[in-house]
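Taking it in order: structure first as structure tokens, then the write-up.
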Amino acid sequence: MGVKVYGSTMSTCTARVISTLEEMGAEYDVVPIDFAAGEHKQPAHLARNPFGQVPAFEDGDLMLFESRAIARYVARKYKSSGPDLLREGNLGESAMVDLWLEVESQQYNPAIAPIVYQCLMIPMRGGVADQKLIDANVEKLGKVLDVYEDRLSRTKYLAGDFFSLADLSHLPYTHYFMATPYASLFESRPRVKAWWEDLSSRPAVRKTTAAMPTSRFCSCFSVPVLVSPGSIEGLCWFFQIICWIYEINRSFLNAAFKLLFFANLIYVCVPSEMLKQGPC
Amino acid sequence: MVVQIHGMTPAVCPQRVMHCLIEKGVEFEIIHVDLEKGEHKTPEYMAKQPFGQVPYIVDGDFELYESRAIVRYYAAKYAGRGPNLLGRTLEEKARVDMWLDVEAINLNPLVFPIVFNLFVLPGQGITGNKAEAQAAAEKLDKVLEVYERQLSKTKYLAGDEFTLADLTHIPALRYVVENCGMGHLISNKKHVEAWWADITSRPAWKKVVGIVESRALKYSP
């Protein structure tokens with residue numbers, strides 16, 4: 001029996017686990033949790049993750065939560081079929097992996113998560129981003145990235161000249177961060193930029209981020225996202241066929257669709273699980 | 001070779017490291033870094049700890065910062081000595097990792113505003129933000145309810161043995177209980193209270209408290 005990941009492929013913390021499973025070539029199933037229906041706060045999910053968060057992870061009788069802990073478990077369990085993401089055979093290297101995993105969770109994440117949340121998640125809910133909070137965290141993140149730039153001038157990856165879980169753990173929030181107006185923080189730091197390009201082009205990472213579309217977020221300025229002409233046309237054809245079958249008067253439906261098409265006022269909403277989840 | 005802990009002993013993160021080293025019977029000395037004078041923000045200090053926080057350790061040629069990475073390092077280096085702090089099987093290690101992360105990510109962000117506003121700032125003659133501390137305390141109470149349910153099933157957080165997952169909680173929660181008037185957050189939960197009494201009565205932890213109170217700068221097993 002394969003392992004199960006309870007969560008959403010678009011959730012940052014679930015993606016952290018999925019990317020590790022992909023790197024290790026593990027077989028897994030994703031069991032979606034319906035945020036809109038509050039499923040993450042229902043007894044069945046609370047039995048898996050008592051903090052009512054995602055992801056939760058099941059491997060036989062073992063139930064785990066906390067994405068970085070799950071990722072460590074996956075890296076150990078599937079060690080023979082993937083890269084050595086933890087370097088536990090070498091005390092010094094393992095310490096560097098642990099150090100940069102801590103830096104990710106204690107320095108990087110507290111700065112980057114509020115920017116992603118304010119720029120992308122809040123506007124989706126129809127809220128107004130807190131620009132002061134964004135500015136404060138952009139400044140904080142800049143200082144953190146200066147440390148990274150210095151580190152990456154000496155080693156190819158964060159923990160050393162080897163790719164590790166410490167690098168991979170940065171994936172989810174950084175991926176979404178690149179859809180905010182502040183991606184220039186990476187552009188202006190050549191080594192950090194190169195490190196991100198290397199990380200984000202890994203096959204396992206591309207497979208993970210394929211399920212994390214950023215094009216569907218509304219921008220910080222709440223510009224409505226236009227529905228693609230293809231999908232409107234498809235809808236029109238669908239209703240044409242319905243009309244032919246049922247001989248419904250088409251003129252009303254045609255007029256309604258023309259109005260929608262030319263007004264272009266349909267928002268593409270990210271599925272509701274993203275609206276409810278919040279930062280993790 | 002004596003391990004050097006660069007930091008200030010009243011601070012939470014150096015205490016975490018001291019506790020782990022004492023559990024493992026590892027000799028160390030404290031190189032005092034005065035936080036009130038801003039010595040942790042000097043270029044010389046930040047050349048070693050680029051985020052300007054305490055502690056960092058020097059062990060011969062080896063240097064490391066981030067207290068949770070440091071305790072993991074020593075727990076692994078001295079795995080055969082003293083208590084097993086990391087777990088043995090794949091599953092046990094995962095549970096230790098899980099509760100280490102719960103402390104770092106769910107609990108610590110709530111403890112900090114309580115201790116900062118009700119202890120650190122008043123200690124400097126500044127009035128802290130009591131509303132912020134109270135709001136954090138209410139959330140911390142809910143988090144500790146999750147701990148209560150876990151500790152009704154296992155003696156310690158990751159299972160029936162004391163591990164790093166319990167150890168990392170002690171320094172900050174101690175300030176919450178003893179210096180911020182928030183002892184009820186623990187004493188109103190039967191299993192959390194028993195766990196707290198157990199882990200804070202460990203001889204190694206009592207030695208940490210002794211070092212802090214006496215302002216000692218070294219430990220030999």
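Atoms considered below: every heavy atom in the structure, side chains included; atoms not considered: hydrogens, waters and symmetry mates. First the proteins, then the strands, lettered A, B, ... as listed; each starts at 1.
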- prompt: So which of B/I70, B/L64, B/N106, B/V143 has the largest heavy-atom pair count under 4.5 angstrom toward chain A?
  reply: B/N106

query: Under 4.5 Å between any side-chain heavy atoms of B/V102 and A/F51, yes or no?
result: yes

query: Distance from A/L101 atom CG to B/R72 atom CZ, nearest 0.5 Å?
result: 8.0 Å

query: Around atom NZ of B/K139, are there more than 12 heavy atoms of other residues, nucleotides or ligands at under 6.0 Å?
result: no

task: List the steps and the verdict of salt bridge (charged side-chain N to carboxylate O under 4.0 Å, His left out) for B/D101 and A/R72.
output: CA-CA 11 Å; B/D101 276 358; A/R72 284 177 184 267; 5.7 Å; no

- request: Using side-chain contact (heavy atoms from CB on, under 4.5 Å) as the criterion, point out the one residue from B/D97, B/L100, B/I105 that pairs with A/E66.
  value: B/I105

task: Please report the closest heavy-atom contact between B/R95 and A/L64, naming both atoms and the distance.
output: N-CD2, 4.5 Å

task: Could you tell me which non-hydrogen atom of A/G92 sits nearest to which non-hydrogen atom of B/F62, and how far apart they are?
output: CA-CE1, 4.3 Å

- line: What one should report as the nearest heavy-atom pair of B/A76 and A/L91 is CB-CD1, 3.8 Å

query: What is the distance from atom OH of A/Y108 to atom CZ of B/F51, rounded to the nearest 0.5 Å?
result: 11.5 Å

task: Quick one: do A/V103 and B/Y65 satisfy side chain to side chain contact (heavy atoms under 4.5 Å, CB included)? Show the steps, please.
output: CA-CA 9 Å; A/V103 169; B/Y65 57 92; 4.1 Å; yes

task: Please state whether the side chain, the backbone, both or neither of B/V96 comes within less than 4.5 Å of a heavy atom of chain A.
output: neither

message: Does A/E27, at its CD atom, have more than 12 non-hydrogen atoms belonging to other residues, nucleotides or ligands within less than 6.0 Å?
response: no

- request: Look at atom NZ of B/K77 and say whether more than 12 heavy atoms of other residues, nucleotides or ligands are closer to it than 6.0 Å.
  value: yes

task: Could you go through the side chain to side chain contact (heavy atoms under 4.5 Å, CB included) check for A/D98 and B/E66 one step at a time?
output: CA-CA 9 Å; A/D98 287 339; B/E66 290 292 345; over 6 Å; no

- prompt: Looking at A/K143, A/M96, A/Q106, A/R151, which one has more heavy-atom pairs under 4.5 Å with chain B than the rest?
  reply: A/Q106

message: Looking at every heavy atom in both A/A69 and B/A94, which two are closest together, and how far apart are they?
response: CB-O, 4.4 Å

task: May I ask you to check whether over 12 heavy atoms, not counting those of A/D161, lie within 6.0 Å of atom CG?
output: yes

field: Best-contacting candidate, B/M46, B/R149, B/E91, B/K142, against chain A by heavy atom pairs under 4.5 angstrom
entry: B/E91

- prompt: Side chain, backbone, both or neither: which part of A/E88 has a heavy atom under 4.5 Å from chain B?
  reply: neither

- request: Select one option (side chain, backbone, both, neither) describing which atoms of B/E145 are under 4.5 Å from chain A's heavy atoms.
  value: neither

task: State whether the number of non-hydrogen atoms from other residues, nucleotides or ligands found under 6.0 Å of A/K41 atom NZ is greater than 12.
output: yes

